[in-house]
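To keep things clear, I will list the structure first and then write my remarks on it.
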Amino acid sequence: MSPPAPLLLVEGIRKSFFGVEVLHGVSFTLGRGEALGLVGENGSGKSTSMNILGGVHQPDAGTMLVEGQPYRPADPGAAIAAGIAFIHQELNLFGNLTIEDNLFIDNFPRRGGLPFINRSAIRKSTQDHLAQVDLDLAPTTPVARLSQGERQLVEIAKALSRNARLIIFDEPTTSLTRREVARLFGLVAKLKARGIGIIYISHALDDVMAVCERVTVLRDGAVVGTGTSRDLGVPRLISLMVGRSIETIFPQRTAPPRPSDVLAVTNLGQPGVAEAITFTIRAGEVVGLAGLMGSGRSELARMIFGLDPFRSGTIAVEGVELRDPTPARAMAAGIAFLTEDRRGEGLLMEAPIADNAVLASLRSVANALGLIDGKRVAAASRTMAQKVRLSTDRVEDTLVKHLSGGNQQKVVIGKWLMRAPRLFILDEPTRGIDVGAKQEVYRIINALVEAGSAVLLISSEIEELMGLSDRILTISRGELTGGFDRLDFDREAIMTAAAVGADHAKVSS
Amino acid sequence: MKSGNRLALLGLQNAPLILFVVVLLTFGLMSDRFLAIANFRNIVIQAAPIGILAIGMTFVLLTAQIDLSIGATMYLTASVLALAFTGLPWPVALLLVTVLAAVVGAINGLIVTVLGVASFITTLSTLFVLRGVAMWMSETRTLPFPDRITDLNRAGVLGIPSAILAFAAIFALAWVVLHQTAFGRQIYAVGEDAEAARKAGIPAKRITFACFVICALCAGVGGFVTVTQIGAVGPKYGDQVEFAAVAAAVLGGVSLFGGRGSVAGTVFGAILIKTVQNGLNIVNADPYIYPLVTGSIIFLAVAVDGLRTRILDTLNRRTIRPLQAN
């Protein structure tokens with residue numbers, strides 16, 4: 001007797017876009033109840049592979065078998081019908097609809113032969129599936145009211161309601177709190193125990209190691225390695241991903257911080273958000289801000305940049321108080337702010353690189369009459385592109401939406417660098433970008449600091465904070481709860497200080 | 001400050017209703033004829049054509065599109081009716097009108113979904129083309145309708161006038177479709193995020209297409225009801241009604257960005273606009289002031305909507321730490 005067919009067998013998948021082959025024969029297998037990690041840099045072919053599996057794109061060549069049966073979905077609907085659910089990084093839920101409507105949006109049960117929705121049936125079924133993912137919410141709750149973590153659980157409940165045999169997770173943890181991540185991993189274990197196969201895509205390699213039995217590494221559209229998580233290990237994964245071994249991810253900095261303060265925040269407070277926050281950042285210094293999601297770390301950055309109001313306290317840049325900060329005043333004082341949401345706040349996706357690059361410094365590219373000078377725009381953006389080592393120098397006719405995540409991030413950073421900021425606030429500067437691009441971002445930060453600027457770095461990755469910062473401050477419930485100098489960096493101590501009182505944090509709507 | 005905000009929000013959320021009461025009281029105080037039952041009947045009859053058009057427009061707006069060609073569709077279908085089909089019994093005539101309207105809607109829908117042209121541009125062009133065709137066919141004459149069609153205006157069932165019956169029937173049908181069928185819920189999904197809808201296996205293009213057909217169907221029916229009321233079709237027929245229809249929908253809380261609103265709100269919006277015009281008429285206001293007042297009310301409603309969104313944002317801002325009582 002032959003052994004039973006694996007849950008999924010992918011063999012020799014090829015795919016070209018506009019005549020350029022991006023997948024050169026990708027193959028992998030997945031068993032029932034198994035979790036397979038899929039890792040690779042941006043542009044390595046992970047997304048394309050999964051979009052083919054999820055029916056978003058169709059392969060040019062190759063075969064896919066689900067439990068031994070040929071599988072070739074024509075559209076996402078066909079994939080769902082075959083029991084393959086794809087939980088995208090940007091969740092596909094509709095905020096204007098209720099949970100139950102979202103669960104059945106493409107497949108409403110009807111009353112008899114009539115076209116009317118069978119409300120009682122979907123309510124009952126929704127309650128059951130919400131219980132399976134331990135989500136205690138009424139089926140009629142509008143999705144707009146849910147947190148990111150809750151929305152993800154709703155997506156999983158939706159997959160379960162379709163009797164999914166295979167669930168693909170694309171970067172599921174990027175916008176979750178630590179507790180939500182723990183809850184997600186517990187749920188994934190339960191799904192595996194039920195025999196459901198998991199494909200887990202993430203740049204967070206520790207997460208991949210924690211969740212997956214096996215890992216497949218993609219590079220440039222081909223599989224470059226597959227093995228058990230135990231055999232591979234994170235360093236080996238990284239070297240497979242980038243095609244060379246990376247000894248030091250964090251480049252060394254030579255110049256120490258200088259004595260003068262660039263930023264001095266004194267007693268900053270806003271009811272419900274921040275209380276008595278006092279700290280300074282010196283010239284040539286990187287101060288890391290460690291805190292859980294919802295700790296007030298992003299809110300603090302937004303206050304300094306004039307995006308959110310504060311009731312008490314002062315902010316001074318190079319000794320001059322920033323009165324009633326607005327983004328325009330903060331920028332005039334020499335502050336730059338890289339937001340955590342580059343798609344939503346930082347970039348014009350439909351515009352070329354050049355237009356994005358000069359957006360924060362339009363005056364400098366205007367001629368004597370105050371009109372924008374195309375030649376100066378091109379020259380300035382080309383200089384920027386070289387400075388941040390952008391993948392292309394065709395700055396005038398490459399649209400930002402066509403760049404990879406890492407290069408998009410470099411454009412946002414480059415846009416601010418053009419203003420030669422005195423203080424650069426970076427909120428999650430490496431979220432969702434691959435190892436190679438991360439290293440480039442680190443290099444840019446170091447160059448900036450060595451030139452005498454100050455950096456406030458916010459990150460969920462503790463290694464990143466420890467690798468780049470001269471000092472780390474911890475924030476919890478809108479209060480600074482600790483400060484660590486580079487020599488005293490201790491992962492455990494920092495994480496403990498960042499989590500002080502977090503369990504009692506009141507996050508109300 | 002927070003409870004004050006909540007109170008303000010409660011007011012803002014019911015702003016159209018409050019506006020309606022204010023309108024009623026104002027005109028009621030100015031004229032005792034205004035608050036008579038017979039007058040309300042009149043208002044609803046007058047609101048029926050624009051209300052039916054606005055219900056159709058709501059479908060298109062919910063998918064984050066717009067249809068500017070409904071007035072032209074009305075004009076074209078009514079002209080064809082006047083030129084060729086006046087000899088037919090009215091149900092057959094109505095059926096032919098709706099079929100012709102559906103064809104127009106299908107053309108709009110195809111251009112938007114298959115060719116991917118923005119609906120604003122697509123329907124702006126069909127507006128001119130359809131009007132041009134109708135003017136050419138009618139040689140820009142004003143065409144009369146026979147009694148067998150205009151008599152419908154006075155007909156009714158159980159004392160309820162035909163225009164109100166048509167209005168009520170279309171509203172009921174639209175409400176059931178939007179709230180009780182899969183298609184209706186999917187319209188909301190497409191309007192919220194068309195790309196996400198596609199990834200969720202919803203035929204987004206087919207749904208958008210269907211909404212253009214529904215909108216044009218409503219334009220055909222709304223045009224037919226108008227014909228029974230005014231008895232003739234001329235070059236100014238249906239001119240700019242698309243804006244009145246969009247206004248009624250927006251006044252009733254339908255978002256131009258898709259996914260938000262309902263036909264109940266739209267019906268309310270249409271009746272509110274007609275109530276104001278009726279009131280101005282009863283108090284013998286200067287006709288030049290009509291558009292001014294109507295415009296102000298629409299502006300007020302939209303401004304209130306913006307304010308409501310802002311207050312909601314403030315209320316929903318996350319608090320990280322407990323607020324000290326003070």
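A note on names: the letters A, B, ... follow the listed sequences, proteins ahead of strands, and every chain is numbered from 1.
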Please round to the nearest 0.5 Å and tell me the distance separating atom CG of B/D193 and atom CZ of A/F94.
6.5 Å

Looking at every heavy atom in both B/G201 and A/D106, which two are closest together, and how far apart are they?
O-CB, 4.2 Å

How close do A/R119 and B/H179 get, heavy atom to heavy atom, and via which atoms?
NH2-O, 3.5 Å

Contacts of B/S255 meeting side-chain hydrogen bond (donor to acceptor under 3.5 Å, both in side chains) (sequence neighbours excluded), chain-then-number -> none

Quick one: does A/I117's side chain get under 4.5 Å of B/F183's, heavy atoms only?
no

Let me confirm one number: the CD-CG distance from B/Q180 to A/L114, rounded to the nearest 0.5 Å.
11.5 Å

Identify all side-chain donor-acceptor contacts of residues 203-216 of chain B below 3.5 Å with residues at least two apart in sequence or on another chain.
residue, atom, partner, partner atom, Å
B/K205, NZ, B/T113, O, 3.4
B/T208, OG1, B/A204, O, 2.9

What distance separates B/Q186 CD from A/N107 CG, expressed to the nearest 0.5 Å?
9.5 Å

Is the shortest side-chain heavy-atom distance between A/I105 and B/R185 below 4.5 Å?
yes

Could you look at B/V176 and say if it's the side chain, the backbone, both or neither that has a heavy atom under 4.5 Å from chain A?
side chain

Pick one of side chain, backbone, both or neither for A/R145, based on which atoms fall under 4.5 Å of a heavy atom in chain B.
neither

State whether the number of non-hydrogen atoms from other residues, nucleotides or ligands found under 6.0 Å of B/F299 atom CZ is greater than 12.
no

Over all heavy atoms of both residues, which pair between B/R260 and A/N96 is shortest? Give the atoms and the distance, please.
NH2-CB, 3.6 Å

If you look at every heavy atom in A/P76 and B/R198, which pair is closest and at what distance?
CG-O, 3.5 Å

